[in-house]
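What follows is a set of notes on a single structure, which appears directly below.
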2 protein chains.
Amino acid sequence: MPTSEPGPEPDHGPEPAPPTYDKYAFEPFAVTVDLAVFTVRHQELLVLLVERGEDPYAGRWALPGGFVQPREAADAAARRELAEETGLPQPVVEGLHLEQLRTYSDPDRDPRMRVVSVAHTALVPDLPEPVAGSDAAGARWFPCAPHGFRAPEPLAFDHDRILGDAYERICAKLEYTGLATAFCPPAFTLGELQQVYETVWGTALDRPNFRRKVLAAPGFVEPAPGARRRTSQRGKPAVLYRAGGAAVLHPPLLRPVAAPPEGQDI
Amino acid sequence: MPTSEPGPEPDHGPEPAPPTYDKYAFEPFAVTVDLAVFTVRHQELLVLLVERGEDPYAGRWALPGGFVQPREAADAAARRELAEETGLPQPVVEGLHLEQLRTYSDPDRDPRMRVVSVAHTALVPDLPEPVAGSDAAGARWFPCAPHGFRAPEPLAFDHDRILGDAYERICAKLEYTGLATAFCPPAFTLGELQQVYETVWGTALDRPNFRRKVLAAPGFVEPAPGARRRTSQRGKPAVLYRAGGAAVLHPPLLRPVAAPPEGQDI
DNA sequence: GCAAAAGTGTTGGGAGTACACCCATGG
DNA sequence: CCATGGGTGTACTCCCAACACTTTTGC
């Protein structure tokens with residue numbers, strides 16, 4: 001019961017805390033954001049990485065990210081960093097899908113000092129490759145699925161783990177949210193939407209059934225004004241849709257079962 | 001492209017950063033953990049709150065929590081705080097279900113200084129009320145569901161929001177994980193398990209179907225050694241089970257649909 | 001015997017899958 | 001007229017919600 005915390009009690013202080021606290025009395029924490037930015041292009045799921053020019057892990061690739069500023073919330077910092085590192089105009093970035101993943105707080109995750117990082121995932125439609133040229137030495141999209149992650153080396157810091165968690169999360173979220181529309185342009189065809197699912201999950205889906213399920217989920221997509229559009233050179237032009245307002249899908253679009261579930265009996 | 005971050009680049013530094021960084025050059029961040037600890041007792045979902053004795057929000061109730069120490073990961077800090085505030089012995093706490101919820105980083109969430117809090121949820125079986133007496137002025141279980149949250153005042157800081165997020169999360173996680181067993185003692189009956197679901201969700205479930213679904217999900221529960229046990233005074237004693245090893249349920253136990261889904265068309 | 005809780009059986013409707021089939025367009 | 005992608009229809013299967021029924025205990 002004697003709390004081993006020294007000093008200030010900024011958030012919770014049931015015990016008789018010292019009447020004054022010194023913010024600078026302790027080893028400071030730094031707080032950063034890291035971003036796993038995904039896009040889908042040419043039937044591949046890509047993730048944005050930047051090449052480090054600085055000492056720890058110099059020359060290695062890493063997730064983009066940076067410091068949370070003194071009067072900035074983590075999600076605002078993530079949005080700002082995303083704008084800076086992709087070169088996208090601010091208004092575009094404001095509308096993008098951005099979501100907190102989780103926080104990584106291992107004391108030794110950065111060799112220089114104590115850095116707690118709030119990781120986020122961002123989903124963007126196929127961008128006109130403006131990526132490099134921000135303040136990163138190098139910046140590139142790397143294939144991530146369905147043919148496996150293909151980056152030159154292990155990533156800096158614990159970013160391999162963060163990227164793995166992020167990929168797992170978006171795979172799962174495609175099932176029960178309308179997230180997939182974030183990979184598509186403002187108006188898209190159901191064929192394009194299906195390609196997003198097939199690319200991220202790495203599985204083929206039955207087109208008629210996919211179509212029915214998407215249209216059966218209220219608020220997932222709604223008809224978009226404008227003429228039909230052709231996806232490839234051939235074939236019938238498809239009707240355009242835009243993202244609906246629903247956050248969660250009822251009923252969900254479940255992934256086809258590939259391997260038998262991991263029951264540990266036999 | 002000119003990064004507006006001043007100074008050190010501990011995690012990501014593509015630009016020509018200063019060759020040395022001063023950890024103390026900036027307004028320091030504090031990192032805390034907050035805990036939403038739930039239990040089920042007498043057909044009620046309860047949440048553990050502590051009464052603040054200190055100045056900001058003095059006298060108000062708050063989620064337990066505290067500082068992350070300089071060489072401690074966030075989940076370790078959460079486990080330590082949980083042990084301290086509940087008075088549970090360390091070995092018991094080590095086995096408890098604890099999970100990161102999300103991180104709250106609004107710059108003004110604490111009036112004194114910049115505090116970033118990594119919130120966690122913890123699920124415990126019905127404890128022998130050892131709660132108060134740790135380092136909290138007051139500590140109590142408050143009803144949270146199914147009859148609504150009934151605490152004396154609004155909670156301190158942004159803890160109302162954290163608690164709401166935590167409740168939503170555990171409701172959802174009961175569907176597709178074996179989480180509900182964390183509310184039960186080591187050996188439990190299927191009737192007790194069903195009561196957990198009914199209490200958290202606030203809905204009645206069909207007993208025969210519940211039983212079948214639980215037993216059909218591989219690794220959810222497995223027979224426990226020991227004699228049958230009586231849940232109440234009357235009725236047939238029930239077979240005992242213990243938690244299986246499965247993390248996710250195949251197939252999931254879906255909540256019965258109460259309200260029509262939130263489609264925004266008509 | 002009766003009430004209460006555990007456990008088993010049965011059945012009808014609905015959802016999802018796997019197809020076959022037609023439509024529109026470019027070459 | 002054929003290849004290609006969009007869109008519709010249909011039948012079969014399996015799951016599952018609903019409810020009846022049996023079993024085991026305390027009083």
Side-chain angles (χ1 to χ4, degrees), chain A residues 42-43 174-176 184 187-199 201 203-218 220-224 226-242 249-258 260-261, chain B residues 42-43 175-176 184 187-199 201 203-218 220-224 226-242 249-258 260-261 263:
Chain A
H42 303 140
Q43 345 252 56
L174 287 197
E175 288 191 318
Y176 59 96
C184 298
F188 52 87
T189 70
L190 293 187
E192 290 167 341
L193 187 63
Q194 182 175 349
Q195 282 226 352
V196 168
Y197 276 90
E198 293 182 330
T199 300
W201 285 348
T203 61
L205 300 174
D206 182 83
R207 188 166 38 80
N209 294 332
F210 177 81
R211 159 181 218 76
R212 262 185 295 261
K213 287 196 223 177
V214 168
L215 297 178
F220 187 8
V221 299
E222 57 192 26
R228 293 158 165 257
R229 196 179 72 197
R230 200 174 325 286
T231 302
S232 67
Q233 300 309 329
R234 313 277 278 250
K236 179 180 180 176
V239 177
L240 291 176
Y241 293 87
R242 62 172 172 232
L249 303 184
H250 290 284
L253 270 92
L254 296 178
R255 230 174 315 192
V257 285
Chain B
H42 303 139
Q43 346 251 56
E175 287 191 318
Y176 59 96
C184 297
F188 52 87
T189 71
L190 294 186
E192 290 167 341
L193 187 64
Q194 182 175 351
Q195 282 226 352
V196 168
Y197 275 90
E198 292 182 331
T199 301
W201 286 347
T203 61
L205 300 173
D206 182 83
R207 189 168 38 78
N209 294 333
F210 177 82
R211 160 182 215 76
R212 262 186 294 264
K213 287 196 225 178
V214 168
L215 297 177
F220 187 8
V221 299
E222 56 191 27
R228 293 161 165 257
R229 196 179 71 196
R230 199 173 328 284
T231 302
S232 68
Q233 301 309 329
R234 310 277 276 253
K236 180 179 180 175
V239 176
L240 291 176
Y241 294 87
R242 62 170 171 234
L249 302 185
H250 290 284
L253 271 92
L254 296 177
R255 230 176 312 193
V257 286

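Note on naming: letters A, B, ... go to the chains in the order of the sequence lines (proteins, then strands), and numbering restarts at 1 for each one.
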Strictly below 4.0 Å: does [X] bring a side-chain N or O up to OP1 or OP2 of [N]?
X	N	value
A:Arg228	D:dG5	no
A:Lys213	C:dT17	yes
B:Arg211	C:dG7	yes

Interatomic distance, [X] [atom1] vs [N] [atom2] [rounded to whole Å]:
X	N	atom1	atom2	result
B:Leu254	C:dA15	CG	P	13 Å
B:Gln194	C:dG7	CD	P	11 Å
B:Arg234	D:dT24	CZ	P	18 Å
A:Arg207	D:dG5	CZ	C1'	6 Å
A:Leu249	C:dA15	CG	P	16 Å
B:Arg229	D:dG26	CZ	C1'	18 Å
B:Leu205	D:dC19	CG	P	15 Å
B:Asp206	C:dT11	CG	P	17 Å

Query raised in the report: Is there a donor and acceptor pair closer than 3.5 Å between the side chain of A:Arg212 and the base of D:dG7?
Result: no

Nearest-nucleotide pick for [X], side chain only, options being [options]:
X	options	answer
B:Pro251	D:dG6, D:dG26, D:dC16	D:dC16
B:Asn209	C:dA6, C:dC19, D:dC19	D:dC19
B:Val239	D:dG7, C:dG7, C:dA18	C:dG7
B:Thr189	C:dC19, C:dA6, D:dA18	C:dA6
A:Arg230	D:dA3, C:dT25, C:dG7	C:dT25

Requested in this report: Ignoring hydrogens and angles, tell me if any N or O in the side chain of A:Arg228 forms a donor-acceptor pair with the backbone of A:Pro237 under 3.5 Å.
Outcome: yes

**Report entry** Under 3.5 Å donor-acceptor, A:Arg230 side chain and A:Gly235 backbone
**Finding:** yes

Query - Side chain proximity check, B:Pro223 to B:Val239, heavy atoms < 4.5 angstrom - result: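 Sidechains of B:Val239 and B:Pro223: no contact.
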
Query raised in the report: Does a side-chain heavy-atom distance below 4.5 Å link A:Tyr197 with A:Val214?
Result: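 A side-chain contact under 4.5 Å is absent here.
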
Requested in this report: Any chance you could measure A:Gln195, atom CD, to A:Thr189, atom OG1, to the nearest 0.5 Å?
Outcome: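 Those atoms lie 8.5 Å apart.
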
Report task. Describe the nucleic acid contact of B:Pro208 in one word from base, sugar-phosphate, nothing, applying a heavy-atom distance below 4.0 Å. Result -> base

Query raised in the report: How do B:Ser232 and A:Lys236 order along DNA chain C: which one's closest nucleotide is nearer the 5' end?
Result: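 Taking each residue's closest nucleotide, the earlier one in sequence belongs to B:Ser232.
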
